[in-house]
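Here the structure is laid out as structure tokens; the discussion comes afterwards.
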Protein chains: 2
Amino acid sequence: MLSKRAKYAIKTILYLYEHQSPVPISAKTISEKERIPYKFLENILRELKTHQVVRSVRGAEGGYTLAKDPNEITVAHLMRIIDGPIALIPCVSERYYESCGECENEETCRIRKLFAELRTEMLPVLEKSIIQLAGL
Amino acid sequence: MLSKRAKYAIKTILYLYEHQSPVPISAKTISEKERIPYKFLENILRELKTHQVVRSVRGAEGGYTLAKDPNEITVAHLMRIIDGPIALIPCVSERYYESCGECENEETCRIRKLFAELRTEMLPVLEKSIIQLAGL
DNA sequence: TCATTACCCTATAAAAATGATAGGGTAATT
DNA sequence: AATTACCCTATCATTTTTATAGGGTAATGA
């Protein structure tokens, strides 16, 4: 399941993309418009900033803007930052690999093969950029 | 993420499929061979029995057998029984639909569209039967 | 400068989900 | 009748999820 955090992150980035302007957008505005608990959102925004998805400007009239070309911000990227692996079992994750510690031979594990295939099918869908998402 | 319960269920069904015989297989045997905590397995087997995936025979020499044609037992089926929806957000689930209670219009929600598409891509992979899984 | 607005950071906590464990009851076979 | 195995309910420890609280820091505009 997609966590609420990740969903909020996607909504936030979508909001920033669709309200681009020279003036940054405040967390308060996003919180109200997207109905995301303010303090929770702050936390998500910090994580997005750490991963250089957004940029922040302090002070009155401060707020957030996208930190990179929206073509380069994908849903998969956001999910990985917030929730971790896309794959449904850790032993087929590229970036968050962990052994499941159960099967004797990972190379021949059939459950692993199935979920590797699943991941392969999932990725192209989730690698849509925020622009593509906005266009749906 | 796939729960351990669901993974155990898949392993159990795979084991039953690959050790088919007139004699049923005991929970104890499955527990030992697949290294699944016995009482946890009992619980999973009960759920599988309720959903008529396995059949049980009581008494000494009792145990479990598949309750239906292995062609008809799919991984998706097992996941739905044990974990619930395949979809990553409940509002695009066919069998476990729930409103997310957030978006104003489900028909136009773009996050929903994306995850509906994701589900569409995931299903064919997960609808492989236990026979196909065994053949991987 | 000072009040305001907004970002930054740490800690805490309620609620739900996950992964079991315990203990005894019931049924069927040898 | 003893054994073996399935059936059922309750409990529980851990982790994850979803926040909330409270205060600190920085920058803008009047």
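Convention: sequence-line order gives letters A, B, ...; per-chain numbering from 1.
As rounded to whole Å, 15 Å separates atom C1' of C:dA16 from atom CZ of B:Arg5. Computed from coordinates, the A:Arg46 CZ to C:dA11 C1' distance equals 12 Å when rounded to whole Å. The interatomic distance linking B:Phe40 (CZ) with D:dC8 (P) rounds to 18 Å, in whole Å. The distance between atom CD of A:Glu102 and atom C1' of C:dG19, rounded to the nearest whole Å, is 12 Å. Taking atom OH of B:Tyr64 as the reference point, atom C1' of C:dA28 lies 14 Å away to the nearest angstrom. Between the CD1 atom of A:Ile44 and the C1' atom of D:dT20 there is a distance of 14 Å, rounded to whole Å. Taking atom CG on A:Asn43 and atom P on D:dT18, their separation rounds to 12 Å, with Å as the unit. At whole-Å resolution of the value, CZ in B:Arg55 and P in D:dC6 are 15 Å apart.
With values rounded to the nearest 0.5 angstrom, B:Leu133 atom CG is found 5.0 Å from B:Leu14 atom CG.
For the pair B:Ile25 and A:Glu42, nearest-nucleotide mapping onto DNA chain D gives the more 5' position to B:Ile25. Residues B:Lys39 and B:Asp83 both approach DNA chain C. Their nearest nucleotides, taken by heavy-atom distance, put B:Asp83 toward the 5′ side.
Checking the phosphate oxygens (OP1, OP2) of C:dA6, no side-chain nitrogen or oxygen of A:Tyr38 falls inside 4.0 Å. Remark: A:Ser56 is in phosphate contact with C:dC8, judged by side-chain N or O atoms under 4.0 Å from OP1 or OP2. Distances shorter than 4.0 Å separate none of the side-chain N or O atoms of B:Lys28 from OP1 or OP2 on D:dA5.
Of the candidates C:dA6, D:dA5, C:dA20, the closest approach to any side-chain atom of A:Ser26 belongs to C:dA6.
Considering every non-hydrogen atom in both B:Gly63 and B:Pro24, the closest pair reads C-CB, 3.4 Å. The minimum heavy-atom distance linking A:Ile36 with A:Thr12 is given by the pair CD1-OG1, 3.8 Å.
Using a 4.5 Å cut-off between side-chain heavy atoms of Ile, Leu, Val, Met, Phe, Trp and Tyr, with links allowed through other members, A:Leu41 and A:Val57 fall into different hydrophobic clusters.
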Show each protein N/O and nucleotides 25-30 of chain D N/O combination with a separation under 3.5 Å, one pair to a line.
| from | atom 1 | to | atom 2 | distance (Å) |
| --- | --- | --- | --- | --- |
| D:dA26 | O4' | A:Arg58 | NH1 | 2.9 |

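Ion pairing of B:Arg35 with A:Glu104 is present here, as a side-chain N (NZ or NE/NH1/NH2) and a carboxylate O approach within less than 4.0 Å.
For the side chain to side chain contact (heavy atoms under 4.5 Å, CB included) test with B:Leu118, the passing option among A:Leu123, A:Val125, A:Leu2 is A:Val125; the others fail.
For A:Lys33, the NZ atom sits in a loose shell: 12 or fewer heavy atoms of surrounding residues, nucleotides or ligands are nearer than 6.0 Å.
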